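For ligands, and for the atoms within them, numbers begin at 1 and follow the listed sequence. As the structure is a computational prediction, the values presented were derived from the model and not from experiment. Excluded from the calculations below are hydrogen atoms, water molecules and symmetry mates; all remaining heavy atoms, backbone and side chain alike, are included.
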Amino acid sequence: MKIEFHDSLDAESPRIVARIVDQDKLPADLPRAVAEGAKASRFTGKAGQVFDGFHEADGNVVRLALVGAGKKKDAGRLAALEKAGAALTAKYLTSGEKALAIDFSDSGLSAEDAAAVLMGARLRSWRWDTYRTRLRDEQKRTLKTIDAVGAPDGTQAAWEDARAVATGVEFTRELVAEPANVIYPQSFVERCQERLKGTGAEIQVLDEDEMRTLGMGALLGVGQGSRRDSKLLVIKWMGGNAGDKPTVFVGKGVTFDTGGISLKPGAGMEDMKWDMGGAGAVAGAMLALAGRKAKANIIGVCGLVENMPDGNAQRPGDVVTSMSGQTIEVINTDAEGRLVLCDALTWAQREFKPDTVVDLATLTGAMMIALGHEHGGVFSNDDALADNLLAAGKTSGDKLWRFPLAPEYDKLIDSPIADMKNVGPRWAGSITAAQYLQRFIEDGVNWAHCDIAGMVWADKPGATWDKGATGYGVRLIDRFVRDTVES
Ligand code: BES
Ligand code: MN
Ligand code: ZN
């Protein structure tokens, strides 16, 4: 979606003009047909409500859309404005119209408000139609441009910044939406290399031989049943002060999770193409941060593997040695995400000596049972870090909810043969997974783990996404970096 800025409506303006309306505050200057039509259809200006009106001006028919922004004083005003922008693109995306003007003059919105409307419009317009070669005309996307008309001073600058974030969200969605025959460790890396070229971010890739030399037996064990080589992808954006320790984000990038020899049931297994959603979020966030030239030193590390059953696959009961030296009894080859993350975490801590490490992973089905699709779960060894992430979640809309860590949970993963096993008992499955990861966190490191299993994919459209890949995590990371690292 292209966003263009214009001072005022003129003969060249699109045929659809939209106005943002506060709840129960229908503007007094509306053409009579639109005002009465809106009232008759019970349009009140609730956030995201759209009225599609028509009226005649100078002999031409103008399509005048009203979109609700909710009540002005509501907390969550920016979210409501995003929803308004999103509702417009959702409504007109396949309408046949190629362009839409949003008339901000007399809207009373600030630059930040207007940028939020544009952000919602842009995010909601994303679709991945690459493989749909037989779409009927009425299913095809037509809306390509939004003219922001009469936007308040500063909107363009605010949009420049927001656009970088939108681009990051879209990149994450693309990585998540692509099937596993297209996105596997090597092609994930290549797509990041293409997308990040020229942004100033630096990329490093570790192959299997290098990881073997480093002793990453846990990560390599997961990938050993796959024809695709595992990779560790590192993206560095050093936009902060030289010498400031970097903040590190680590993502689970299982490009397909069959469960391995502990094979998953067939029904719904196709969902496991998005088991790289944590790595996808990290990659998209790095693109966003580089795109907006964040004043922070941030490193993204993606553990990329494919988990397949095979004659060479690891077996339940195998004992593997992680880079940390700790040994793991692999009770269940389907609890592979933690095996990948533990080596990625160890490597990242030793390589970069960060104070703060945050991992994101579609780690457990249990997290979806607990929180559904409304929050990701966050676990942390540091209250301030947890609070900062929770706050970033609230502000960005990528919401989180905190879960506990405790020695009583930790002992549930002790093993009779190795230092630990990779699964605990049935109960508290998300917590024992987090306890497992915590065993790889080195002294003095502030760490948080975000289990985002319920968030990266949506079966129905949400406020700023269609069904499918949501791009969850990019705005969370971006907001955390703005508010905690950059300030
Ligand atoms: N990738 C899955 C978790 C998952 C399941 C994410 C459904 C999104 C939707 C993970 O690798 C997994 O298989 N976890 C197991 C752990 C169990 C074997 C202890 C699970 O949650 O069932
Ligand atoms: Mn699994
Ligand atoms: Zn998995």
Side-chain angles (χ1 to χ4, degrees), residues 176-177 180 183-185 188 218-219 221-226 228 230 250-281 302-310 313-318 328-344 359-377 379 403 409 412-413 415 420-437 449-459 468-470 472-473:
V176 167
I183 286 292
Y184 43 89
F188 186 111
L219 184 153
V222 175
Q224 81 184 30
S226 170
R228 314 280 196 191
S230 304
V250 178
K252 169 180 172 181
V254 176
T255 58
F256 197 80
D257 180 13
T258 64
I261 296 300
S262 311
L263 192 64
K264 287 181 180 296
M269 203 201 276
E270 67 280 7
D271 280 350
M272 287 298 104
K273 74 170 185 182
W274 48 261
D275 206 18
M276 34 55 68
C302 300
L304 301 168
V305 305
E306 184 182 56
N307 188 22
M308 298 291 274
D310 179 74
Q314 68 181 346
R315 292 147 290 262
D318 281 6
I328 303 135
E329 183 188 8
V330 180
I331 297 290
N332 188 323
T333 65
D334 195 13
E336 84 298 337
R338 61 199 79 179
L339 296 167
V340 172
L341 286 173
C342 70
D343 278 338
D359 74 73
L360 292 94
T362 50
L363 205 62
T364 64
M367 188 47 75
M368 301 172 75
I369 302 289
L371 292 174
H373 306 291
E374 300 305 324
H375 292 83
F379 303 78
F403 279 73
Y409 294 113
L412 298 174
I413 54 169
S415 157
M420 71 195 86
K421 49 188 183 181
N422 76 330
V423 297
R426 174 148 183 251
W427 314 114
S430 304
I431 305 177
T432 50
Q435 293 293 164
Y436 172 100
L437 296 176
H449 155 59
C450 304
D451 190 336
I452 62 172
M455 305 308 289
V456 313
W457 192 263
D459 292 328
T470 62
Y472 181 94

Inset, instruction - Keeping waters out of it, list the protein N, O or S atoms under 2.8 Å from the Mn ion (ligand 2). - result: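 Listed by chain and number, the nearby protein N, O or S atoms are Asp257 OD2, Asp334 O, Asp334 OD1, Glu336 OE1.
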Inset, instruction - Return yes when Val254 approaches ligand 1 closer than 4.0 angstrom through a heavy atom, no otherwise. - result: no
Inset, instruction - Tell me, please: is Lys264 in heavy-atom contact with ligand 1, that is, under 4.0 Å? - result: yes
Legend entry - Cut-off under 2.8 Å, centre the Zn ion (ligand 3), protein N/O/S atoms: Lys252 NZ, Asp257 OD2, Asp275 OD2, Glu336 OE2
Protein contact to [atom] [nearest heavy atom, distance to 0.1 Å]:
{"atom": "atom 18 (C) of ligand 1", "result": "Asn332 ND2, 3.4 Å"}
{"atom": "atom 16 (C) of ligand 1", "result": "Arg338 NH2, 4.0 Å"}
{"atom": "atom 7 (C) of ligand 1", "result": "Met272 CE, 3.7 Å"}
{"atom": "atom 10 (C) of ligand 1", "result": "Leu363 O, 3.3 Å"}
{"atom": "atom 2 (C) of ligand 1", "result": "Asp257 OD2, 3.6 Å"}

I need the atoms of ligand 1 closer than 4.0 Å to a non-hydrogen atom of [X], numbered in the order shown.
{"X": "Thr364", "value": "3 (C), 21 (O)"}
{"X": "Met368", "value": "7 (C), 8 (C), 9 (C)"}
{"X": "Val423", "value": "19 (C)"}
{"X": "Trp274", "value": "8 (C), 9 (C)"}
{"X": "Gly365", "value": "3 (C), 4 (C), 5 (C), 20 (C), 21 (O)"}
{"X": "Glu336", "value": "11 (O)"}
{"X": "Lys252", "value": "1 (N), 10 (C), 11 (O)"}

Inset, instruction - Apply side-chain contact (heavy atoms from CB on, under 4.5 Å) to Val254 and Leu304, showing your working. - result: CA-CA 6 Å; Val254 176; Leu304 301 168; over 6 Å; no
With a 3.5 Å distance limit and no angle check, can you tell me whether [X] reaches the backbone of [Y] through a side-chain donor-acceptor pair?
{"X": "Ser415", "Y": "Lys421", "value": "no"}
{"X": "Asp451", "Y": "Thr364", "value": "yes"}
{"X": "Ser226", "Y": "Asn307", "value": "no"}
{"X": "Thr333", "Y": "Ser262", "value": "yes"}

I'd like to check [X] versus [Y] (side-chain heavy atoms, cut-off strictly below 4.5 Å). Are they in contact?
{"X": "Leu219", "Y": "Val305", "value": "yes"}
{"X": "Thr258", "Y": "Phe256", "value": "yes"}
{"X": "Arg228", "Y": "Thr255", "value": "no"}
{"X": "Lys252", "Y": "Thr362", "value": "yes"}
{"X": "Leu339", "Y": "Ile328", "value": "yes"}

Could you measure the distance from the [atom1] atom of [X] to the [atom2] atom of [Y]? Nearest 0.5 Å is fine.
{"X": "His449", "Y": "Arg338", "atom1": "NE2", "atom2": "CZ", "value": "8.5 Å"}
{"X": "Met455", "Y": "His375", "atom1": "CE", "atom2": "NE2", "value": "8.0 Å"}
{"X": "Gln435", "Y": "Ile413", "atom1": "CD", "atom2": "CD1", "value": "6.5 Å"}
{"X": "Cys342", "Y": "Asp359", "atom1": "SG", "atom2": "CG", "value": "11.0 Å"}
{"X": "Thr470", "Y": "Trp457", "atom1": "OG1", "atom2": "CH2", "value": "9.5 Å"}
{"X": "Glu306", "Y": "Ser230", "atom1": "CD", "atom2": "OG", "value": "9.0 Å"}

Legend entry - Contact partition for Asn307 relative to ligand 1, non-hydrogen atoms under 4.0 Å: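 For Asn307, there is no contact with ligand 1 at all, from either part.
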Legend entry - Polar contact flag for Asp275 and ligand 1 (N/O pairs, less than 3.5 Å): yes
Inset, instruction - Give yes if a backbone or side-chain nitrogen or oxygen of Asp334 is under 3.5 Å from a nitrogen or oxygen of ligand 1, and no if not. - result: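 Looking only at distances, the answer is yes, because the N/O contact criterion of under 3.5 Å is met.
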Inset, instruction - For residues 254-264, pull every pair meeting salt bridge (charged side-chain N to carboxylate O under 4.0 Å, His left out), keeping only residues two or more places apart or in separate chains. - result: Asp257-Lys264, Lys264-Asp334
Inset, instruction - Using a distance threshold of 4.0 Å (strictly less than), state whether atom 22 (O) of ligand 1 has a protein heavy-atom neighbour. - result: no
Inset, instruction - Not counting sequence neighbours, which residues clear ring-ring contact (aromatic ring centres under 6.0 Å, His included) with Tyr409? List them please. - result: none
